[in-house]
Amino acid sequence: MIWVETLINGALLGGLYGLLGIGLALVFGVMRVVNIAHGEFMVLSAFFAVLLAAMFPSVPPLLMLIPVIAVSFVVGWAYQAVIVNRVIKSPDPLAPLLLTFGVSVILRNVMVEIFGADVRSLQVGELSRASLEIAGLSIGIMPLLTLVLAALLFMVLQLILRRTEFGRIVRATADRADIVRLSGVKPDRIYNYVMGLSLALGAIGGVLLAVRSSFTPFSGAERLLIAFEVIVLGGLGSFWGALLGGIALGMAQLIGLKIDPNAGLLYAHLLFFCMLLIRPSGLVSSKA
Amino acid sequence: MALLEVSGLQVFYGDLQAVFDMDFTVGDGEAVALVGANGAGKSTFLKALVGLNEERKGAVYFDGIDISRMPAEQVSRLGLIMVPEGRLLFDSLTIEENLLMGTVNRRSGTWTLRRVFDLFPILEERRRMYPGQLSGGQQQMAAIGRALMSNPRLLLCDEISLGLAPVMVEQIYRSFADIRREGTAVVLVEQDVKRALGASERVYCLLKGRVSLTGDARETNPERLTQAYFGT
Ligand SMILES: Nc1ncnc2c1ncn2[C@@H]1O[C@H](COP(=O)(O)OP(=O)(O)OP(=O)(O)O)[C@@H](O)[C@H]1O
Ligand SMILES: [Mg+2]
């Protein structure tokens, strides 16, 4: 029974991991850029949420998600317009990698400067301890909410990409950025929106993760690693694959912790490593 | 002034010059063939017109508007539309979605999904399929359809018969009658000279980036054209 509970909790945690991955996957899928600073942006949004929660103690902390998402979208838009678009047409694929790496280092140092290196977390009070008892299993409300939210966001994003004109243009731009120009689309503008969307999704993951576990300005690298493992596990470019990849990682982590309480993310990383050896194309290898 | 007026156009790839001092005009509703051997510079010329190759110098007027420095994403709105060599459809969009891409920022006009489907009925059958599931000829129809959805005043077609079965080529060329009935002008870039001449009023021949011959499509002396084509 305790193992069933562990698996369920792992799956719930996986929804959150899926959220960490999906923003990174979106940017990679559309512009073939690995945004190394994705993790730092997530941490930044968590700091922002903590700050807002301190400023408005009477407002439920999770409501802070709304302004954080909005600001993250704008930050992503500007980050792309001012910085990333400059190198995206470079024939050297290292250029965007180095640039976003540089941004991640700068962001980390700026966060240390502003917020200090202390460990923080976002306190949501009772909600973080509340749980449901189902058939003798104890399931946390907060992780459950997180998974439901993640699944909803995946569905909404899927609908936007599949059913709207904006989504069609995004997919066409991902296919052939030069040919969409013949249809009157300016790829750079599409990239701005996509990066905004990516950081908004990352912000949701970043804030929810800050409820679950504490963070410092140095947590970005670990968040990026999870996001990266999620999308490689799920199959690069596959949408639902990212959610599956997240769930696989979440389960591996919690099972690992059960076996060895000091393991941390070790077993999740091991799963990732084994998967790379056995099935490098990921769980879902076709485009979805 | 003609619909398209090009004078002294030069196009470069870095240090390499691919088009030299090109003069070229297309009248309203006219069909013009642009022929030339491999590497003559035909595609380079078309891409420079629509703004996909931005290393260009010289004068280009479309409908009286200076487009010599206009970025590609603004050109489509004027009704200067290219069907690119190799079709270059969007692989993760269905055929219908590919066609709809032509409507994103288009000139106003009469082309609709319905009319494209009437022109190429097979596309309606395959509307939910992806380009990879279609034959080369059907893909070419989709590429032409996508361009038509933008309501072109001048349609630039780059090697639309390349690699297609003869019946397909026949069918696509027949569709030009319908397309031109709207008053749409066309430029036909082809290596199949006979085919292009048969469908055009005037011809330009390109040789190593320069116009080597120009004249009436029906009255051009085949021998002179062969010389102009191969440079012998
Ligand atoms: N991207 C590029 N970079 C450098 N040189 C190029 C590029 N594309 C074409 N060229 C050169 O420019 C010249 C003209 O090429 P272009 O593709 O315009 O010829 P074309 O007439 O369309 O030939 P084809 O009939 O084979 O399509 C050629 O010498 C070619 O090698
Ligand atoms: Mg060519």
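Lettering follows sequence order; numbering is per chain, from 1.
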| Greatest number of heavy atom pairs closer than 4.5 Å to chain A - which of B:S76, B:P84, B:A147, B:S150 | B:S76
| query | Given A:T173 and B:F90, is the side-chain contact (heavy atoms from CB on, under 4.5 Å) satisfied, shown in steps? | reply | CA-CA 8 Å; A:T173 307; B:F90 303 111; over 6 Å; no
| query | If you take all heavy atoms of B:L52 and A:R181, which pair is closest and at what distance? | reply | CD2-NH1, 4.1 Å
| request: For B:Y61, look at atom OH and say whether over 12 heavy atoms of other residues, nucleotides or ligands are found less than 6.0 Å away. | output: no
| Heavy-atom count around B:E5 CD within 6.0 Å, excluding the residue itself: above 12? | yes
| query | Would one find more than 12 heavy atoms of other residues, nucleotides or ligands at under 6.0 Å from atom CZ of A:F101? | reply | no
| field | Any donor-acceptor N/O pair, A:R168 side chain to B:L93 backbone, under 3.5 Å | value | no
| Does anything in residues 103-112 of chain B get under 4.5 Å of chain A by heavy atoms, and if so which residues? | B:T103, B:V104, B:N105
| field | Pair B:E97-A:R171, side-chain contact (heavy atoms from CB on, under 4.5 Å): steps then yes or no | value | CA-CA 10 Å; B:E97 289 177 321; A:R171 282 181 292 135; 2.7 Å; yes
| So which heavy atom on B:E73 is nearest to which on A:V185, and how close? | CB-O, 3.6 Å
| query | Taking everything shown except A:F273 itself, do over 12 heavy atoms lie less than 6.0 Å from its CZ? | reply | no
| In this structure, are over 12 heavy atoms from other groups packed under 6.0 Å from B:R114 atom CZ? | yes
| message | Tell me whether the count of non-hydrogen atoms from other residues, nucleotides or ligands lying under 6.0 Å of CZ in A:F228 goes above 12. | response | no
| query | CG of A:L182 to CG of B:L80: how many Å apart, nearest 0.5 Å? | reply | 9.5 Å
| query | Among B:V75, B:V50, B:L100, who wins on heavy-atom pairs under 4.5 Å with chain A? | reply | B:L100
| field | Inter-residue atom distance B:N98.CG - A:I179.CD1, 0.5 Å rounding | value | 11.5 Å
| message | With a 6.0 Å cut-off (strictly less than), is the heavy-atom count around CZ of A:R189, excluding the residue itself, greater than 12? | response | no
